Amino acid sequence: MAHDISGTFERPALASLADEMERHGTSRDAPVREIMALLGDRWSTLILLVLATGELRHAELRRLLARLSAERAISQRILTMKLRTLERDGFVTRRISSDVPPKVSYNLTRLGESLHVQTRGLINWINAHQDLIRASRAVFDSEEE
């Protein structure tokens with residue numbers, strides 16, 4: 001059920017935002033909400049970045065994520081859940097070989113590659129502004145004490 005946020009706003013930019021939200025959904029399962037949450041979770045963005053380097057088998061992906069992350073480990077269960085979510089949303093494809101035992105590998109889809117480009121742009125922006133962000137945090141934190 002859509003949440004009606006239409007109404008009168010004094011600021012045109014707020015009216016435009018409300019219209020946009022009405023068009024694209026405000027429910028918890030709206031793609032805009034779920035994908036933004038996905039990119040903000042602990043693992044999904046890193047998985048996207050690593051898979052942008054090329055197809056990887058599950059075990060190799062898990063090792064690389066552990067090596068690159070601050071956590072230094074991702075459980076089998078969590079990795080499988082994250083990959084399934086990325087696959088469900090059309091960002092990742094899973095390939096199962098005909099070998100015995102079968103080998104499972106993952107790769108970005110075209111949609112996933114497109115998301116990677118946008119994500120990389122945001123990461124580059126954050127990295128370019130990290131000194132300003134850190135300075136703002138320091139000022140805020142010192143005023144809170």
Side-chain angles (χ1 to χ4, degrees), residues 1-97 102 104-145:
M1 181 166 102
H3 174 65
D4 183 15
I5 59 172
S6 61
T8 305
F9 290 97
E10 287 182 28
R11 296 180 184 179
L14 286 175
S16 177
L17 175 61
D19 289 344
E20 177 186 356
M21 291 175 71
E22 283 292 326
R23 281 192 316 276
H24 297 290
T26 57
S27 66
R28 288 181 179 253
D29 65 347
V32 68
R33 289 186 67 179
E34 287 193 338
I35 302 309
M36 291 303 294
L38 182 74
L39 292 175
D41 77 26
R42 185 179 297 183
W43 294 106
S44 298
T45 297
L46 184 55
I47 292 169
L48 185 74
L49 294 170
V50 171
L51 287 177
T53 67
E55 184 174 32
L56 291 167
R57 290 185 44 206
H58 194 279
E60 185 180 13
L61 177 58
R62 186 172 177 209
R63 279 192 298 274
L64 287 169
L65 292 170
R67 187 170 176 195
L68 291 168
S69 72
E71 290 79 7
R72 298 288 181 220
I74 181 171
S75 73
Q76 181 85 13
R77 180 180 160 277
I78 295 297
L79 177 55
T80 299
M81 282 178 23
K82 295 301 176 187
L83 286 166
R84 287 180 58 82
T85 298
L86 289 165
E87 185 179 9
R88 178 178 181 250
D89 288 333
F91 303 129
V92 168
T93 186
R94 181 178 64 165
R95 189 172 62 84
I96 302 171
S97 74
V104 178
S105 59
Y106 296 88
N107 204 2
L108 292 184
T109 62
R110 284 191 178 168
L111 186 62
E113 290 170 356
S114 176
L115 179 61
H116 170 259
V117 169
Q118 298 303 315
T119 303
R120 175 47 66 197
L122 180 58
I123 290 168
N124 291 343
W125 182 90
I126 294 166
N127 288 337
H129 295 87
Q130 67 182 333
D131 292 341
L132 292 171
I133 295 167
R134 285 189 174 121
S136 293
R137 288 175 178 178
V139 168
F140 182 88
D141 292 347
S142 69
E143 291 173 354
E144 290 289 306
E145 293 174 354

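Model, not experiment: these values are computed from the prediction.
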> Considering residues at least two apart in sequence or located in another chain, which fulfil the side-chain contact (heavy atoms from CB on, under 4.5 Å) criterion with Leu46?
Replying inline: Trp43, Val50, Leu65, Leu68, Ser69

>> Within a 6.0 Å radius of atom CZ on Arg67, are there more than 12 heavy atoms belonging to other residues, nucleotides or ligands?
In response: no

> Who are the side-chain hydrogen bond (donor to acceptor under 3.5 Å, both in side chains) partners of Asp29, not counting sequence neighbours?
Replying inline: Ser27

> Can you name the residues that form a salt bridge (Lys or Arg N to Asp or Glu O under 4.0 Å) with Arg95, not counting sequence neighbours?
Replying inline: Glu55

> Going through the checks in order, is the side chain to side chain contact (heavy atoms under 4.5 Å, CB included) test met by Leu79 and Ile47?
Replying inline: CA-CA 9 Å; Leu79 177 55; Ile47 292 169; 3.8 Å; yes

> Do any N or O atoms from the side chain of Thr45 and from the backbone of Leu39 form a donor-acceptor pair under 3.5 angstrom?
Replying inline: yes

Report, one line per pair, each donor and acceptor closer than 3.5 Å where one atom sits in a side chain of residues 110-120; sequence neighbours left out.
from: Thr119; atom 1: OG1; to: Leu115; atom 2: O; distance (Å): 2.8
from: Arg120; atom 1: NH1; to: Asn124; atom 2: OD1; distance (Å): 3.4

> Can you check side chain to side chain contact (heavy atoms under 4.5 Å, CB included) on Val92 and Thr109, steps first, answer last?
Replying inline: CA-CA 5 Å; Val92 168; Thr109 62; 5.7 Å; no

> Sequence neighbours excluded, which residues qualify as side-chain hydrogen bond (donor to acceptor under 3.5 Å, both in side chains) partners of Glu143?
Replying inline: none

>> For the CG atom of Leu122 and the CG atom of Asn127, what is their distance to the nearest 0.5 Å?
In response: 9.5 Å

> Partners of His58 by ring pair (Phe, Tyr, Trp, His ring centres under 6.0 Å), sequence neighbours excluded?
Replying inline: Tyr106

> Got a sec, which residues hit side-chain hydrogen bond (donor to acceptor under 3.5 Å, both in side chains) with Asn107, two or more places apart in sequence or on another chain?
Replying inline: none

>> Once ring pair (Phe, Tyr, Trp, His ring centres under 6.0 Å) is applied, what residue pairs with a partner in residues 61-91 remain, sequence neighbours excluded?
In response: none

>> To the closest 0.5 Å, what do you measure between CG (Leu38) and CE (Met36)?
In response: 10.5 Å

> Side chain of Ser16, backbone of Pro12: donor and acceptor closer than 3.5 Å?
Replying inline: no

> What residues, two or more places apart in sequence or in another chain, satisfy side-chain contact (heavy atoms from CB on, under 4.5 Å) together with Ile96?
Replying inline: Arg94, Pro102, Val104

>> Can you list everything that forms a side-chain hydrogen bond (donor to acceptor under 3.5 Å, both in side chains) with Glu60? Sequence neighbours excluded, please.
In response: none

> For the atom pair CD (Gln76) and OG1 (Thr80), what is the distance rounded to the nearest 0.5 Å?
Replying inline: 5.0 Å

> Got a sec, which residues hit side-chain contact (heavy atoms from CB on, under 4.5 Å) with Glu20, two or more places apart in sequence or on another chain?
Replying inline: Leu17, Arg23, His24

> Can you check side chain to side chain contact (heavy atoms under 4.5 Å, CB included) on Leu61 and Leu83, steps first, answer last?
Replying inline: CA-CA 10 Å; Leu61 177 58; Leu83 286 166; 3.8 Å; yes

> With sequence neighbours excluded, what pairs up with Arg42 under the side-chain contact (heavy atoms from CB on, under 4.5 Å) test?
Replying inline: Glu71

